[in-house]
Amino acid sequence: MALRVYDTRSRSKREFISIVSGKVSLYACGITPYSPSHLGHARQAIAFDVITRWLRHSGYDVNYVTNFTDIDDKIINVANAEGVDFSIVAERNIADYYEVMDAMNVLRADDYPRVTGTIPEIIEMIEQLVEKGHAYVEDDGVYFEIDTAPEKYGQLTGQTLDMVRAGAGGRVDGTGSGKRDHRDFALWKLAKSGEPSWESPWGQGRPGWHIECSAMSLKHLGETFDIHGGGSDLLFPHHEAEIFQSECCLGIEPVVKYWIHNGMINVDGEKMSKSLGNFWTIRDTFEHVSPLELRYSLLNAPYRQPVEFNMAMLEESQKHYQRMIAIYGKALVATGSGDWNGFSTLEAAAENFIAGMNDDFNTRTAMVEVQSIVRELQSLFADNNDDNFIAAGVGWLTEFAGEILGLLPDEETTRSMVAEDNTARTELEMIVEPLLVERSLARDSKNWARADEIRNELSALGVKVKDGPDGPVWELK
RNA sequence: GCACGGGUGGCAGAGUAGUUAUGCAGUGGACUGCAAAUCCAUGUACCUGGGUGCAAAUCCCGGCCUGUGCUCCA
């Protein structure tokens, strides 16, 4: 079945056909590292991680590039407040980004270009825009002139020039900006004293916000590429500005074949943002759930939908995740991992999973199939039969929940996790077993108070007792 | 105000024309001294007003509600 993706520019799902057969070039707008990464960053990174994994699983050779905007006003402000160089702030937060993303099983992109490593290419692009008459130089910087390509306005948001023109129009007053029109945007900003800056034909300064992505995508992916992604809050003005810059500079339309935008994380119905004080960093969230539990919760909705984030949804995901990893680990150790082909239940689940992913990367549909296999395995495992099917189910989970959705540690890691649990179990056995014997005697004589007391003692040791038909079994919490 | 999304059961959240979503919670049952886990069964739904169709949660038009964006910066 063919892959269909929702393209923001055409506002419809379109069949995905890459520019070069068998290859996909993908650029996703990354972060501005001025503070530790928050859940919005996690959602974006995980969304494009899964998109990349799916494209690769579908047989494409993917070149995935995502950037760090490592110089901007917010970084400068933080650096000034701390009395350090801006690069210290950027490096610290980039390190944080890698660490939390690695923990959540986000595979590394093929390249992580930085603005500060792309200055010559940015300057060259601006020079071309000036030469072609799309940009003008003022005494505080270089600006892109919207009126030189009015037909490109509103390509992603549907807004027209007149709509925005109605707001102000003409030269902007009182902003200290040299813009000739309030819809123009900065390509190069000349440095004020004390600001970090780079040499350019127009003087010491730094790039405007939008130009870096045009320059980096051109440098790493070429004049046209398949997919450009990012958060939906970047649609305007950032991505529309990129269309102006790239297409006017290169004289190509379109430069980007498919635009893909992920939805926001909401708290109490509103976008998570620092100004509203409803902000969760990724590390804050790790205080409550494990990195892969968080990943699970963020894949539980399709990437374009807003995610309503709260403790209840987090705890629900945690419960589902723990059930999945528990049966996966137990079954893996018990039966090993096998080929799922030839088992009709597993083939049907695979078919639905694939259909879901091919329908604009619908991870929600995919997760429903994962859940159904988890239930299937629990049921069979409880009956303790059909090892071949259980092994095949484990293989299915390894491929779909593990390799594609990135929700499971690899089989080797899972085995060693189970082994560690067993080791801890063995160490506790000498304490637990005698207590369980005593409790069984208490239960036999219907001394429920003593039986419950012992169960509470064991609970305090981190041991959970379950009374089954064949006597008590216990596990580590 | 304008642009672009979304409005589904107690909650989360799929589903673009006719067929059970799924999960959590609830209820009944198995197992159980109780609990937990697991299993089986089960009720509750498609914002509103029109329209098209044999048939609409699903397509079209209006309304209402809600999210994001609307350029100092991000």
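Not measured: the values here are computed from a predicted model. Letters A, B, ... mirror the listed sequences (proteins, then strands); counts begin at 1.
For a distance-only test at 3.5 Å, the side chain of A:Asp72 fails to qualify as a donor-acceptor partner of the base of B:rC73. With hydrogens and angles ignored, a donor-acceptor pair under 3.5 angstrom links the side chain of A:Arg439 to the base of B:rG33. Side-chain to base pairing of A:Asp452 with B:rG33: one donor and one acceptor N or O lie within less than 3.5 Å of each other. In terms of polar N and O atoms assigned as donor or acceptor, the side chain of A:Arg11 never comes within less than 3.5 Å of the base of B:rC4 in a complementary pairing.
Listed pair A:Arg304 / B:rA14 fails the phosphate criterion, with no side-chain N or O lying under 4.0 Å from OP1 or OP2. Taking 4.0 angstrom as the limit, A:Arg364 places none of its side-chain polar atoms (N or O) nearer than this to OP1 or OP2 of B:rG15. Taking only side-chain nitrogens and oxygens, A:Lys271 comes nearer than 4.0 Å to OP1 or OP2 of B:rG69. A sub-4.0 Å separation between OP1 or OP2 of B:rA25 and a side-chain N or O of A:Lys319 is present. A sub-4.0 Å separation between OP1 or OP2 of B:rC4 and a side-chain N or O of A:Gln159 is absent. Side-chain nitrogen and oxygen atoms of A:Arg450 include none within less than 4.0 Å of the OP1 or OP2 phosphate oxygen of B:rC34. Put simply, A:Asn456 has no side-chain N or O that comes within less than 4.0 Å of OP1 or OP2 on B:rA35.
In this structure, of B:rU71, B:rG23, B:rA37, it is B:rG23 that holds the atom nearest to the side chain of A:Arg375.
For B:rC4, the paired base is B:rG67 (Watson-Crick or G-U wobble, both distances below 3.5 Å). Across all strands shown, B:rU27 pairs with B:rA41; the Watson-Crick or G-U wobble distances both stay below 3.5 Å. Using the Watson-Crick or G-U wobble rule with both distances under 3.5 Å, B:rA14 pairs with nothing in any strand shown. Using Watson-Crick or G-U wobble geometry with both donor-acceptor distances under 3.5 Å, B:rG62 finds its partner in B:rU48.
Side-chain contact check for A:Asp85 and A:Ser87: at least one donor-acceptor pair (N or O, by modelled atom type) lies under 3.5 Å. No side-chain donor-acceptor contact under 3.5 Å links A:Thr281 and A:His38. A side-chain donor-acceptor contact under 3.5 Å links A:Trp340 and A:Glu399.
Judged by centroid separation below 5.5 Å and plane tilt below 30°, A:Trp448 stacks onto the base of B:rG33.
Every pair passing salt bridge (Lys or Arg N to Asp or Glu O under 4.0 Å) that includes a residue from residues 231-246 of chain A is listed here, sequence neighbours excluded: A:Asp233-A:Lys271.
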Return a table of donor-acceptor pairs under 3.5 angstrom between the side chains of residues 321-333 of chain A and protein atoms on other chains or two or more places apart.
residue: A:Tyr321; atom: OH; partner: A:Leu407; partner atom: O; Å: 2.7
residue: A:Gln322; atom: NE2; partner: A:Glu293; partner atom: OE2; Å: 3.0
residue: A:Tyr328; atom: OH; partner: A:Thr398; partner atom: OG1; Å: 2.6

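Taking the O4'-C1'-N9-C4 or O4'-C1'-N1-C2 dihedral as appropriate, B:rG53 has a value within 90° of 0 and is therefore syn.
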